[in-house]
Amino acid sequence: MLAGPGELSVLVTDLALTGVGAFLAIMLWSMTREPAWMLVIIGIILRWGDLVFQTLDRFGIIGVVDLRVLNLPLFWVVLRAVPLVFIIAGIVSMIKQLQE
């Protein structure tokens, strides 16, 4: 559950800004088919999905099994890391494309 109004305002702001980013990413998706941009777009959309999932969990609408590896919540670590992996792969792809 939410700790207080400060946490709620941060969550709402994060959802709103990431939602705008995801909307713009979807608009860009229709304009380009370059692999580098596609990876970045997928990463942004996955980040928004991660935030929506966190919001549902915080409000108690869904429940997540607390599977821990080395005392780290495995599900949340993976959910946070996957969008960044796609964004990093897209940036690396752009760098390689510009070097050619």
Side-chain angles (χ1 to χ4, degrees):
M1 293 305 276
L2 294 173
E7 187 177 357
L8 179 62
S9 62
V10 169
L11 188 62
V12 168
T13 303
D14 205 5
L15 272 170
L17 292 176
T18 307
V20 169
F23 176 76
L24 294 173
I26 291 169
M27 286 182 62
L28 179 61
W29 192 335
S30 68
M31 296 177 193
T32 185
R33 294 289 181 223
E34 292 180 34
W37 276 113
M38 296 300 289
L39 289 168
V40 171
I41 290 166
I42 291 168
I44 292 170
I45 293 170
L46 287 174
R47 174 67 177 130
W48 182 77
D50 167 37
L51 281 171
V52 170
F53 201 79
Q54 283 182 39
T55 303
L56 294 174
D57 182 53
R58 293 281 172 108
F59 282 110
I61 296 171
I62 59 170
V64 177
V65 176
D66 192 23
L67 178 63
R68 292 186 174 266
V69 174
L70 300 174
N71 206 22
L72 294 171
L74 183 64
F75 181 78
W76 294 113
V77 170
V78 170
L79 199 60
R80 281 286 177 100
V82 169
L84 290 173
V85 169
F86 275 94
I87 292 171
I88 290 168
I91 292 170
V92 168
S93 179
M94 281 184 213
I95 291 171
K96 286 188 177 195
Q97 181 181 355
L98 292 173
Q99 286 180 344
E100 292 177 358

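Atoms considered below: every heavy atom in the structure, side chains included; atoms not considered: hydrogens, waters and symmetry mates.
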Count I, L, V, M, F, W, Y as connected when their side-chain heavy atoms are under 4.5 Å apart, and connections chain through other members. Are [X] and [Y] then in the same cluster?
X     : Y     : value
Phe23 : Met38 : no
Val52 : Val78 : no
Leu74 : Ile62 : no
Val65 : Ile61 : no

In this structure, are over 12 heavy atoms from other groups packed under 6.0 Å from Trp37 atom CH2?
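Count not over threshold, so no.
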
Can you tell me how far apart [atom1] ([X]) and [atom2] ([Y]) are? Round to the nearest 0.5 Å.
X     : Y     : atom1 : atom2 : answer
Gln54 : Leu11 : CD    : CG    : 7.5 Å
Phe75 : Asp57 : CZ    : CG    : 8.5 Å
Ile45 : Asp50 : CD1   : CG    : 14.0 Å
Arg80 : Leu51 : CZ    : CG    : 7.0 Å
Leu46 : Phe53 : CG    : CZ    : 13.0 Å
Leu67 : Trp76 : CG    : CH2   : 13.0 Å

Could you tell me whether the side chain of Thr18 and the main chain of Asp14 form a donor-acceptor pair under 3.5 Å?
yes

Which residue in the set Leu15, Val10, Leu17 passes side-chain contact (heavy atoms from CB on, under 4.5 Å) when paired with Thr13?
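The side-chain contact (heavy atoms from CB on, under 4.5 Å) with Thr13 is passed solely by Leu17 among Leu15, Val10, Leu17.
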
